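Worksheet: the structure to be examined is printed underneath.
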Amino acid sequence: MTTSPQQVDYSKSLKLPRTGFPMRANLPSREPGWVQRWLTEQVYETLLAKRRAADAPTYIVHLGPPYANGNFHLGHTLAYGLKDTIVRHKFLSGFASPYVPGWDCHGLPIEWKIEQELIAAGKTKRDLSVTELRDRCRAYARQWMEVQQAEWQRMGVLADWARPYRTMDRANEAGIVHCLGQLVQRGMVYNKLRSTLWAPVEETALAEAEIEYQEDYKSTAVYVALELVDRPNEYLVIWTTTPWTLPANRAVAAKADEEYALITVKERKFYVANHLAEKFYSTCFVEEPLLRLDFPKFIGSQLVGLTYHHPLYADRTGTVYHGDHVTTDSGTGLVHIAPAHGAEDFALGQAHGLELACPVNGSGRYEAYVEEGLPAGLTLAGRSVLDKQVIRDICATLERNGSLLHSSSYTHKYPLSWRSKAPVIFRTTHQWFIDLDEATVPETGKSIRSSALDLIHARSGNRGVHWQPENGENRIGAMIAGRPDWCISRQRAWGVPITIMVDKATGEPLTDPAVWAHLEALVARKGIDAWDTRLSGKEAELFPQGWLQAHGKTPNDFTYVRDILDVWFDSGTTWHHVVKADSAAGQRFHRTDGKRVADVYEEGSDQHRGWFHSSLLTSVALTGDAPYESVVTHGFVVDGQGRKFSKSLGNGVTPGELLDKYGMDIIRLWVGSSDYAEEVRYSPAHMEAAADQYRAIRNALRWVLGNLPEGGGEITTVAESALPELERYILHRLGTVLAEARAHYDAFAFHQGVRTLQTFINTELSNLYFDVRKDTLYCDRADSPARMACVYALEQIFRGLATHLAPIIPFTTDEAWRSRYGEGACVHLEEYAKGPNVAEPSGFEDLLGLRNAANIKIEELRATGAVGANTEVSLTYPKELEGFFSTELIRLVCNVSAATAGTELKVTKHSGHKCPRCWRYYNTLEASGLCTRCEDVVNG
RNA sequence: GGGCUAAUAGCUCAGUUGGUUAGAGCACUGUGUUGAUAACGCAGGGGUCGUAAGUUCGAGUCUUACUUGGCCCA
């Protein structure tokens, strides 16, 4: 023998792991290919058809449509990743889970963008017809939907990409008209005055978001004395920075518990808040001697009920009321109330039945009737309220009749229109509302509000909505309980028109179902622009054929509402025309289990105010029931310190950057490891941690694949009775862990499920089972019973892990699945693999305890330099364990070369010889230098 | 200012109805291996549970206040 056994390379005789599943994932470059592949293979369609064919129960995750404007941000990635995980989980659980993407298209943000483009081109929206403006909005939305769809699909989202919904689709718009019509027919829609922020230049109401503030706006501030009725020479003093609203004065507000002083100046006496008396006096009577300092004091409630003469209209009086909003940090503590010109004024006016109608028209000019009763010399009709000369004229008149105590220029913050930069005014306008309290929902016999609250809180025998997290119940409950009626009208172009026709004779909206059905069909056919036939004198088209004649009416007998619907009405009714109508037609959402329209609505927690809220109200109003069984919410993405992302902090990151650097599966693993119920933290370190986790999972899968046949190769099933204890143990653990993970998934606690799987992979597979079984897998004969049992176990482990990780990391798991079962396979067409039901071998925990104790001893021995690998170790274990476990099992689990029973636990360096093939130590080797087992495999 | 909510090791999370020395994974440190190798094994060091009071024989776990965050309103 010239060659020593040690020099022979036996590695070629081993069955080392081999797989085409690479260690490095290259997710950023490879994931897009998977996206295309899934689309080409129609995985979604195939899966849904497969479940339907099996008569699977339906589970509907209904999507809150993203707004078709701008690129997706990390919040979208979180939201859509999460929803995709839910959908995949349900499919894997055996449900048919139709998931349809969609977009919210109408509304202000897009209309703004178009206006900005017009302004940039030196035009305004008046240069376009409503139809042309809408066409531009439509094109703009379409363009962003394409961008977002690509970003969305890149996430690997399993959905009906062939047929998304868009709120601007005609069928959808017709559905919206239908819902509006139902509300009108149910008597739930009414019209009333409301205080609005109004832009005189654009002649439109503005949303709060359309306002910007000028810090140093200059107004004329005036102190005005209002003489009390029946108390000559006693005056209330008001202070205002908008003298143009004085003609609309109807009342004065005082604070009931505030102290007021009565100041005497010459023969006149003035009521002002005690706090502000000195300031008032020094401002208005610079040259007058102060006659007395010990002013009589009154509390506000003593002033309430007094009446005073209007400073401009001789024949008009006003009354003092208590006002909560009255403050004494400026002015006089007595507040001029013009209900037409301010939110608080309006509320006070409404509470006390004051005149609410606005004496200022849409272009900010006084109505003609304002002039009646004014003192001679003051003309206001047709003049702009923001005209400085108008202010001067009013002041001059007040001066003449002695009401004006003081006027001066006053610099303060004032709202301007976002577009024109011109000042805005408060104005009451007619708006449409959904009545939450007065109208009755036929199905419940209660108001919309109380019906909704019953559902939110599971009261009155209702099957309540399941809120997750639970506090969603409190949150939306408080909102629904406290909100005012829903104002659904907007003075805009880009939206679904409020197709209400008001009968001029009665002032009531037309409720004839035939008319509404006609309108719905009209919009379905021609889109929302059909309503604009009113602009071209074709109003007759809005009525069914012959309807006008049959009712003895002409188009002129009606007024046609020009407003559009609040965009929240669009998304708030998708349950109806996207899901319910489709289900009723036996289409993709089809369900027959009697459950609500959708199983779950999942969105950010801000949607308690938004989509959950609007959807609940419309659904309750129209059906008496909620549109969803469960509402699940996630928190917002915040930075590593828990602070929100903002441009000023510069802590933002785009999904694109993360996709390019890490890939979607790692992003999804980051989300999948976070408790999304509260804020989800993001920082580069978080992504690195996710990448580390990912590598561990991937390597475990890779090692398993390396020990299994590739491309669909069969493995032999091993009966439980034939399984070694170690396999029985690990398969029992597999079954337990998979069930546990799935229970977490069912509760939408994905991060707990992921953690369960991860811990199993790290602590029980990598650390224990894989490590222990390497010897068997690598060195045994291919057909040794131990090896076959191990391969069988690995197959079960693989199937279980791959399917249970599939909702979290769909790219990686499908890649692994196809590596194992061939390119024709797809993990996403599978159901969860539960693993065989194997009973736990008894006492295994003691064995693992022994292993831990042994490891500590071995580590001590290793520290002395006596041994390196565990295979160099010989173990003595306490006799007491004999009979419970075989010596071989103990040797195996402790991963040492030899084990013998002795008095106590002891580890020593093995004194025998190392087999050059399996590296285990034996007391004696065969003539070839190999151990008996290896000799048999190599030469036998 | 109001509603809802959170705060446990460097990170992500567990901690049942209050009950012995607060757990896990990752990260970190040391070390072994080099037949999962841009991998894997073994061991170890890190929290007194945001702060302060209170209830209780006993509190991370109940109460109150405060601090610092988040979402939604005003």
Side-chain angles (χ1 to χ4, degrees), chain A residues 9-19 21-24 208 325 343-344 467 469-479 481-483 604-610 613 633-645 669-675 677-681 683 685-696 698-707 744 749 751-752 754-763 766-768 770-772 774-775 777-779 851-852 854-863 865 867-873 894-895 917-919:
Chain A
D9 178 11
Y10 283 103
S11 64
K12 290 195 175 59
S13 75
L14 301 171
K15 291 185 175 49
L16 297 178
R18 264 186 38 206
T19 173
F21 183 79
M23 176 179 284
R24 303 206 59 185
E208 188 59 44
H325 67 288
E344 285 146 342
W467 304 97
E470 288 176 10
N471 60 51
E473 176 182 338
N474 292 336
R475 189 163 177 178
I476 196 170
M479 285 177 191
R483 65 158 298 155
S605 61
D606 56 332
Q607 298 302 326
H608 286 108
R609 186 71 191 182
H613 190 115
T633 59
H634 60 264
F636 279 59
V637 180
V638 295
D639 73 10
Q641 279 74 51
R643 280 159 219 279
K644 66 176 165 188
F645 283 104
L669 199 55
W670 158 61
V671 173
S673 307
S674 304
D675 180 1
E678 292 301 322
E679 298 83 56
V680 176
R681 291 190 180 202
S683 73
H686 285 82
M687 213 48 64
E688 290 296 336
D692 284 342
Q693 284 185 63
Y694 174 83
R695 274 192 287 274
R698 186 175 180 93
N699 270 311
L701 288 173
R702 179 166 184 265
W703 186 82
V704 175
L705 285 170
N707 290 293
H744 285 311
H751 69 293
Q752 303 221 49
V754 170
R755 205 163 53 98
T756 301
L757 294 171
Q758 190 120 33
T759 302
F760 178 66
I761 290 171
N762 291 330
T763 62
S766 278
N767 297 6
L768 176 69
F770 292 173
D771 213 41
V772 164
K774 279 176 191 170
D775 177 74
L777 285 165
Y778 299 173
C779 304
R851 173 184 149 92
N852 284 338
N855 272 334
I856 291 169
K857 294 241 183 240
I858 292 169
E859 193 60 26
E860 287 166 5
L861 189 61
R862 185 176 289 132
V867 299
N870 275 30
T871 46
E872 295 176 41
V873 173
C894 294
N895 219 14
R917 182 168 175 274
C918 68
W919 297 342

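Please read these numbers as outputs of a predicted model, since none were measured by experiment. We name chains A, B, ... by the order of the sequence lines, and we start the count at 1 in each one.
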Using both distances under 3.5 Å as the test, list the Watson-Crick or G-U wobble partner of B/rA9, or none. none
For B/rG58, which nucleotide in any strand shown is its Watson-Crick or wobble partner with both distances under 3.5 Å? none
Tell me whether B/rG46 sits syn or anti, counting syn as a glycosidic angle within 90° of 0. syn
What nucleic acid atoms does A/Arg862 come within less than 4.0 Å of, heavy atoms only: base, sugar-phosphate, or nothing? base
Side-chain donor/acceptor of A/Arg24 to base of B/rA38, under 3.5 Å: yes
Between CD of A/Glu860 and C1' of B/rG44 the distance, given in whole Å, is 12 Å
Options B/rA43, B/rC72, B/rA27, nucleotide nearest the side-chain atoms of A/Asn852: B/rA43
NA contact type, A/Gly642, heavy-atom cut-off 4.0 Å: base, sugar-phosphate, or nothing? sugar-phosphate
Contact class for A/Thr763 (heavy atom, under 4.0 Å): base, sugar-phosphate, or nothing? sugar-phosphate
Integer-rounded Å distance: B/rA27 P and A/His686 NE2: 15 Å
So A/Ser766, base contact, sugar-phosphate only, or nothing? Heavy-atom distance under 4.0 Å. base
Have a look at A/Gly868 and say if it touches a base, only the backbone sugar-phosphate, or nothing, with a 4.0 Å heavy-atom cut-off. sugar-phosphate
Using Watson-Crick geometry (N1-N3 plus N6-O4 or O6-N4) or G-U wobble (N1-O2, O6-N3), each under 3.5 Å, B/rA65 is paired with B/rU51
Under 4.0 Å between a side-chain N or O of A/Arg755 and OP1 or OP2 of B/rC13? no
Do A/Asn895 and A/Arg851 meet the criterion of a side-chain donor-acceptor pair at a distance under 3.5 Å? no
Just to confirm, is there a sub-4.0 Å distance from OP1 or OP2 of B/rA14 to any side-chain nitrogen or oxygen of A/His751? yes
Assign A/Asp771 to base, sugar-phosphate, or nothing according to its heavy-atom contacts below 4.0 angstrom with the strands shown. sugar-phosphate
Can you find a side-chain donor-acceptor pair between A/His744 and A/Arg755 that sits under 3.5 Å? no
Base B/rG30 to side chain A/Glu859, donor-acceptor N/O within 3.5 Å cut-off: yes
Are any of A/Tyr694's side-chain N or O atoms less than 4.0 Å away from OP1 or OP2 of B/rC26? no
What do you reckon, is NZ of A/Lys15 surrounded by more than 12 foreign heavy atoms closer than 6.0 Å? yes
Please classify the nucleic acid contact of A/Ala685 as base, sugar-phosphate, or nothing, using heavy-atom distances under 4.0 Å. nothing
Between A/Ile858 and A/Gln641, whichever has its closest RNA chain B nucleotide further toward 5' is A/Ile858
Provide the distance between the two C1' atoms, one in B/rG18 and one in B/rG2, to the nearest whole Å. 33 Å
First encountered from the 5' end of RNA chain B, between A/Glu872 and A/Asp606: A/Glu872
Go ahead and name the base partner of B/rU29; Watson-Crick or wobble counts if both distances stay under 3.5 Å, otherwise write none. B/rA43
Can you find a side chain N or O atom of A/Lys644 that sits less than 4.0 Å from OP1 or OP2 on B/rG69? no
Contact class for A/Ala689 vs. all strands (heavy atom < 4.0 Å): base, sugar-phosphate, or nothing? nothing
Rounded off to whole Å, could you give me the CE-to-C1' distance for the A/Met687 and B/rC26 pair? 15 Å
When only distance counts, do a donor and an acceptor, one from the side chain of A/Arg483 and one from the base of B/rC73, lie under 3.5 Å apart? no
Applying a 4.0 Å non-hydrogen cut-off, can you work out what A/Glu679 is touching in the nucleic acid: base, sugar-phosphate, or nothing? base
Within 45 degrees of the ring normal and closer than 6.0 Å to the centroid, is that where the cationic atom of A/Arg917 sits relative to A/Tyr778? no
Please determine, for B/rU16, whether a Watson-Crick or G-U wobble partner exists with both distances under 3.5 Å, and give it or none. none
At less than 4.0 Å, is any side-chain N or O atom of A/Arg643 found next to OP1 or OP2 of B/rA7? Yes or no. no
B/rC4 pairs with which nucleotide, Watson-Crick or G-U wobble, both distances below 3.5 Å? B/rG70
For A/Arg18, which contact category applies under a 4.0 Å heavy-atom criterion: base, sugar-phosphate, or nothing? nothing
In Å, rounded to the nearest 0.5 Å, how long is the span from CD of A/Glu470 to CZ of A/Arg475? 15.5 Å
A/Thr759 side-chain proximity, nearest of B/rG41, B/rG25, B/rC26: B/rG25
P atom, B/rC66 versus B/rA9: distance in rounded Å? 24 Å
Ring-base stacking, A/Trp919 with B/rG35 (5.5 Å, 30° cut-offs): yes
Below the 4.0 Å mark, does B/rC42 have OP1 or OP2 next to a side-chain nitrogen or oxygen of A/Asn767? yes
Give me the distance, rounded to whole Å, that separates B/rG45 from B/rU29 when you measure between the P atoms they each carry. 16 Å
Rounding to an integer number of angstrom, what distance separates B/rC28 and B/rU12 when you compare their C1' atoms? 15 Å
